[in-house]
Structures are given as structure tokens and as C-alpha cells.
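Shown next, in C-alpha cells, is the structure this report addresses.
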Amino acid sequence: MSKHLTTAVVALIVGAIAVIIFYQPSDDSAIPKPVAQAPEPKATTPSSQTQPTQQQTETAAATTKQDQNLKELNPINVAEIDPALMQQGSIDYGPITAWEINDQQPIIEENGLHVAHAQINTGVIENFAVGQTLTLPLPHINDVVDMKLTSTRNALDDVNVWTGQKVNGESFETVSISRGTEQTYMTVATAAGIFTVTIDNISGNTTIIDDSEITYLNSQKGTDSVTPTAIEEVPPENPS
């Protein structure tokens, strides 16, 4: 019996050794490990903090438009204006500089008068409209005046007439414009004097004269008088 017991014990020991060998962990480096995959990028949706709202967009657009309007308050080149808008007297445009003075010879003496020579853009002449503000340089007084056209009418012989008022001026500070087919005449009345402007509609050549000089020259030509005819004195005859 002891022999059988010994055999059983040996068998158990051998089985245990076999189990230990079978379940012994192998080298980890020999077992392939799963490779970690990078997560797929997710589509990001702009948050409410980074994406401008509709109200913010409208506010920015209004601010931009306001800044542009402020820039346009300065005198501008009429050649850049749409004639259709000029005819409507659009308030989107600021004062329009009517003419440019010759800086080299702003005033020249001609026939006893001090005449200023300038050049006007013919687009100004063709597109006078109620509501426009014209900037008029006057070299005789070394100043510019802004005249806003307030009314218009048609006269005889295809003459168009506009009248206007000085911006922030006195009631007597006015402008009157008469445009014919070949020439345009302006009378500019200011606190410093009255000026006559003559414009060639084709070439744009412009002359400006101080009316006070015309009045002065006329006064120097003498008074309106008649020299009486000399009376011949005849000595009395001697009585006979």
C-alpha cells in the first residue's frame, strides 16, 4: 500500500510541476500589444463667445458707414460723383468745391479791375440741384463761403436759375445763379462784399470780380453834368 501511496504522491508532484510550467507568464515583449489610435478630430462649432451676433454685425456696419459719412463732409471732387445723385441733391455728399483758383496768379489787374481767374469743373455747371452745398473760393477776401441751393426756376431763353443761402450766414448773404447755353453768371453776396462770377460753360474758364471796384471806377469818370454854351458878350452901341 505504501508503494501505491508513494506513486500517487509522485504523480501529484509531477502534475503540479506541469501546471506551473504551463501557466508561467511568457515575456511581454513577445506578445504584440494593440496600437493606440489617435482620436479623430471633431468638427468644432464656433461658440457664442467667438462668433459675432447679428446685432454686433449690424452695429459694426453702422459704425463703418458713419465713419465714411464723416470723411465725406470735406469738399470733394465733383468728377467722382454720380450725376444722377447730384441731380437729386443727395445728402450723402458734402460741400462741392465749385472752382479752383490759380495759386500762381490768383488775381490779375485788367482794365483797372482786380480779376481773379479760376477753373470750374463743367460737371458742376451741368448738375446744379436744390439741396447741394457749393464751396465758393473768393480770393479778393482770401476766404471761402458755403452756399446751399434752396430753390430753382426756369427763365426765358432756356436760362435756368438757382438761388441759395450762405450756410450759417446772415439773411442777406446769398447766391444767385443764371445758367444759359454758353455762359453762367453768379452773384455772390457776403458780409465782405458782392462778387460777380462769369463762367464759360464749355471750357470752364471762370473770372471773379469785386463789384465794389466797378462802382468805384464808374464814380471816377466824372459827374453827370452839361457844360453851358459860352455867351458872346457884345459891347453896347454908341448912341448917334
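- Shortest non-hydrogen contact noted between Gly169 and Glu173 is CA-OE1, 3.4 Å.
- Among the candidates Ile101, Ile120, Ile125, the single residue satisfying the side-chain contact (heavy atoms from CB on, under 4.5 Å) test with Thr206 is Ile120.
- Residues Val175 and Val145 have side chains not in contact (no heavy-atom distance under 4.5 Å, counting atoms from C-beta outward).
- Contact between Ile141 and Ala192 at its shortest, heavy atoms only, is CG2-CB, 3.7 Å.
- Note that OG1 of Thr198 is 6.0 Å distant from CD1 of Ile209, once rounded to the nearest 0.5 Å.
- Linking ILVMFWY residues whenever their side-chain heavy atoms come closer than 4.5 Å, directly or via other members, places Val115 and Ile214 in the same cluster.
- A side-chain hydrogen bond (donor to acceptor under 3.5 Å, both in side chains) with Asn160 holds for exactly one of Asn154, Thr184, Thr152; it is Asn154.
- A side-chain donor-acceptor contact under 3.5 Å links Gln119 to the backbone of Ser203.
- Heavy atoms from other residues, nucleotides or ligands lying under 6.0 Å from CD of Glu100 number 12 at most.
- For residues 160-185, the pairs satisfying ring-ring contact (aromatic ring centres under 6.0 Å, His included) are Phe128-Trp162, with sequence neighbours left out.
- Remark: Thr122 OG1 to Asn127 CG distance equals 9.0 Å, nearest 0.5 Å.
- Judged purely by atom type and a 3.5 angstrom limit, Gln165 has no side-chain atom pairing as donor or acceptor with the backbone of Thr150.
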Just do the side chain to side chain contact (heavy atoms under 4.5 Å, CB included) check on Asp143 and Leu138 with the steps written out, would you?
CA-CA 5 Å; Asp143 198 4; Leu138 300 174; 5.7 Å; no

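- Contact check for Leu113 versus Asn111: no side-chain heavy atoms found under the 4.5 Å cut-off.
- Of all the heavy atoms in Gly112 and Glu213, the pair that sits closest is O-OE1, 4.3 Å.
- Taking CE of Met186 as the start and CE of Met147 as the end, the distance is 10.0 Å to the nearest 0.5 Å.
- Distance alone, capped at 3.5 Å, places no donor-acceptor pair between the Asp157 side chain and the Val159 backbone.
- Between Ala98 and Val124, the closest heavy-atom pair is O-CG2, 4.2 Å.
- Looking at Thr163 and Ser151, their side chains do bring a donor and an acceptor atom within 3.5 Å of each other.
- Taking the side chain as every heavy atom from C-beta outward, Leu149 and Ile177 approach each other to under 4.5 Å.
- When all heavy atoms of Phe195 and Asp211 are compared, the pair lying nearest together is C-OD1, 4.1 Å.
- A pairwise comparison of heavy atoms in Val161 and Ser178 identifies CG2-OG, 4.1 Å as the closest pair.
- For the pair Asn201 (side chain) and Gly180 (backbone), a donor-acceptor distance under 3.5 Å is present.
- Residues His114 and Asp210 fail the side-chain proximity criterion, which asks for heavy atoms closer than 4.5 Å.
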